[in-house]
2 protein chains.
Amino acid sequence: MASERKATADPARSLAILWRTREPTSRGAGQGLSVDRIVRAAIDIADAEGLDALTMRRVGEALGVGTMSVYTYVPGKAELVDVMIDTAYGEMPRPAVEGDWRVRLERIARDNLALYRRHRWMLRAETTRPVLGPHLVAKYDYELGAVADLGLTDVEMDAVLTLVLGHVKSSARAASEVVDLERETGLTDGQWWQSHAPWLETFLTADSYPTASRVGTAAGRQHGAAYGPEYAFEFGLQRVLDGISVVVAERAANG
Amino acid sequence: MASERKATADPARSLAILWRTREPTSRGAGQGLSVDRIVRAAIDIADAEGLDALTMRRVGEALGVGTMSVYTYVPGKAELVDVMIDTAYGEMPRPAVEGDWRVRLERIARDNLALYRRHRWMLRAETTRPVLGPHLVAKYDYELGAVADLGLTDVEMDAVLTLVLGHVKSSARAASEVVDLERETGLTDGQWWQSHAPWLETFLTADSYPTASRVGTAAGRQHGAAYGPEYAFEFGLQRVLDGISVVVAERAANG
DNA sequence: CGGCACGGCGTACGGCGTACGGCCGCGTTG
DNA sequence: CAACGCGGCCGTACGCCGTACGCCGTGCCG
């Protein structure tokens with residue numbers, strides 16, 4: 001299957017590229033190809049048409065270059081995606097936010113959501129352990145700053161961040177799926193739901209599954225209106241932050 | 001996009017198979033192939049070797065049958081995965097749990113985590129909107145029961161469930177990645193972390209990224225010990241439940 | 001007993017990632 | 001200034017994948 005990360009991706013190779021261990025060569029013909037240009041082209045393709053459309057052939061084509069030329073700068077597709085991810089992290093804002101931890105965490109959540117909205121392919125590409133590129137490290141450092149002065153242990157700080165970012169990613173995935181579905185079927189979520197209503201009524205009867213039937217119908221009716229991925233994101237985010245505040249209050253009380 | 005779900009997956013076809021719209025034929029030769037046997041074989045392969053190893057050729061091979069014979073019962077790979085997912089949901093327990101909503105939700109979270117542990121391929125396969133198979137519907141109905149009597153609106157009930165299950169999936173994914181990494185590299189997480197220590201110390205210095213450096217080191221040192229995906233799961237779950245309890249208490253107070 | 005519906009499958013096509021080996025032009029060296 | 005060799009570039013080819021298509025043999029129904 002692959003697609004998101006061949007099992008054989010070599011982290012060391014990705015790291016070498018990410019941290020620019022190689023100096024730019026001036027030898028040879030060189031018609032201006034470079035890791036940066038390749039990554040930029042690849043991101044453009046993935047943004048516009050998704051990870052499936054991102055093939056090495058397409059990348060070469062986009063750069064007016066043979067397929068195999070890409071391999072001069074990038075060891076393989078998996079490593080290319082690694083670099084794409086770190087590059088995307090690099091475009092995130094890292095402003096100094098005024099306000100308490102809750103404001104800061106909420107801001108971080110929204111920034112990450114925006115990132116996933118712009119680069120939907122990241123939702124599928126990150127499957128394996130992230131490669132510790134420079135921008136990911138900077139991002140991690142910045143985001144830890146939001147929870148640094150709350151009296152949490154280092155491990156707890158990491159766990160809080162993991163929790164919030166995990167929620168963002170779940171929500172983003174759900175939202176992305178709705179977009180995909182609308183694009184593929186040509187139907188909005190509400191229309192799709194309505195077209196499946198007869199089918200649902202056949203099997204998902206109030207007799208057999210009372211709760212699922214009622215709630216599903218309610219949720220379905222709201223689709224396109226108030227309910228949807230946005231609601232799930234907002235609701236979940238506030239719940240998560242509420243939950244974190246319990247620990248924070250505890251630590252503040254106990255010193 | 002594809003890989004876990006070809007963009008061309010046809011939900012209607014999947015649904016037809018899932019709800020057994022076709023009656024079992026008794027015409028023709030028939031050497032005992034069936035949707036069930038195919039699905040079972042496919043799940044065995046995916047469990048043992050991952051989604052990447054699941055190819056139509058492998059499935060046919062495992063059943064002592066030609067590759068294309070599989071297509072007699074299943075329209076394509078995407079639909080096969082759909083059916084695999086619903087089948088996996090079918091093996092989940094749905095006991096009547098005594099205790100309050102928190103006990104019930106916690107139980108649901110752990111059951112789902114166990115499911116993902118047994119079928120790690122599900123973490124990659126569910127990308128798109130789930131197909132509403134019979135077992136998913138039953139699962140949804142069952143799980144809604146855990147939050148049915150808390151005074152929440154229908155939409156809120158759905159959101160609570162989405163939040164909890166999203167956290168489970170995030171955590172399961174993280175845990176699965178650790179397993180994959182250990183399997184691929186032959187190193188435990190702690191060993192891997194240690195082997196990258198020199199590299200990290202070069203770039204992730206206390207000067208440039210003080211917080212990330214300290215927390216990363218702390219988290220890294222704990223790997224293999226107390227910290228890890230299990231901790232992140234437990235910590236996050238309690239935070240999420242704490243957050244939900246705030247809403248529940250609100251509703252209980254306001255009627 | 002004839003027909004044919006249907007399960008089973010061999011072949012083939014168009015895609016993918018990428019290994020390999022060669023070409024060619026430039027910067028360096030004697 | 002000539003020769004060298006290195007490195008950017010890439011054409012070809014291989015082994016995978018999913019699956020369209022058309023052919024067979026079988027056993028039930030009329």
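Numbers restart at 1 for each chain; the letters A, B, ... are given by sequence-line order, proteins then strands.
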For this session: Send over the distance from Met68(A) CE to dA19(C) C1', rounded to a whole Å.
Result: 7 Å
Exercise. Which part of the nucleic acid does Leu54(A) contact within heavy-atom distance under 4.0 Å: base, sugar-phosphate only, or nothing?
Worked result: sugar-phosphate
For this session: Describe the nucleic acid contact of Gly76(B) in one word from base, sugar-phosphate, nothing, applying a heavy-atom distance below 4.0 Å.
Result: sugar-phosphate
Exercise. For the side chain of Arg57(A), counting heavy atoms from C-beta on, which of dG10(C), dG18(D), dC16(C) is nearest?
Worked result: dC16(C)
Exercise. When you measure from the side chain of Lys77(A), which nucleotide among dT18(C), dG18(D), dC9(D) comes out closest?
Worked result: dT18(C)
Exercise. Just how far, in rounded Å, is C1' of dG7(C) from CD1 of Ile38(B)?
Worked result: 11 Å
For this session: Calculate the interatomic distance between Glu79(B) atom CD and dG18(D) atom C1'; express it in whole Å.
Result: 12 Å
Problem set entry | d(CE, Met56(B); P, dG10(C)) in whole Å | 16 Å
For this session: Kindly write out the residues that satisfy side chain to side chain contact (heavy atoms under 4.5 Å, CB included) with Ala109(A), not counting sequence neighbours, or none if the list is empty.
Result: Val164(A), Val168(A), Phe233(A), Leu237(A)
Problem set entry | Nearest-Å distance for atom pair CD/C1', residues Glu61(B) and dG10(C) | 16 Å
Exercise. Just how far, in rounded Å, is P of dG8(C) from CG of Leu63(B)?
Worked result: 10 Å
Problem set entry | Rounded distance in Å - CG (Asp52(B)) to C1' (dC16(C)) | 14 Å
For this session: Go through dG8(C), dT19(D), dC20(C) for me and flag the one nearest to the Ser69(B) side chain.
Result: dG8(C)
Exercise. Mind checking what makes side-chain hydrogen bond (donor to acceptor under 3.5 Å, both in side chains) contact with Arg58(A), not counting sequence neighbours?
Worked result: Glu49(A)
For this session: Figure out the CG/P separation between Leu33(B) and dG8(C), and round it to whole Å.
Result: 5 Å
Exercise. If each of Gly66(B) and Thr55(A) is mapped to the nucleotide of DNA chain C with the nearest heavy atom, which maps nearer the 5' terminus, i.e. the 5' end?
Worked result: Gly66(B)
Problem set entry | Pair Thr67(A), Arg57(A): side-chain N/O donor-acceptor within cut-off below 3.5 Å | no
Problem set entry | Donor-acceptor contact present, side-chain Asp86(B) to main-chain Leu136(B), <3.5 Å | yes
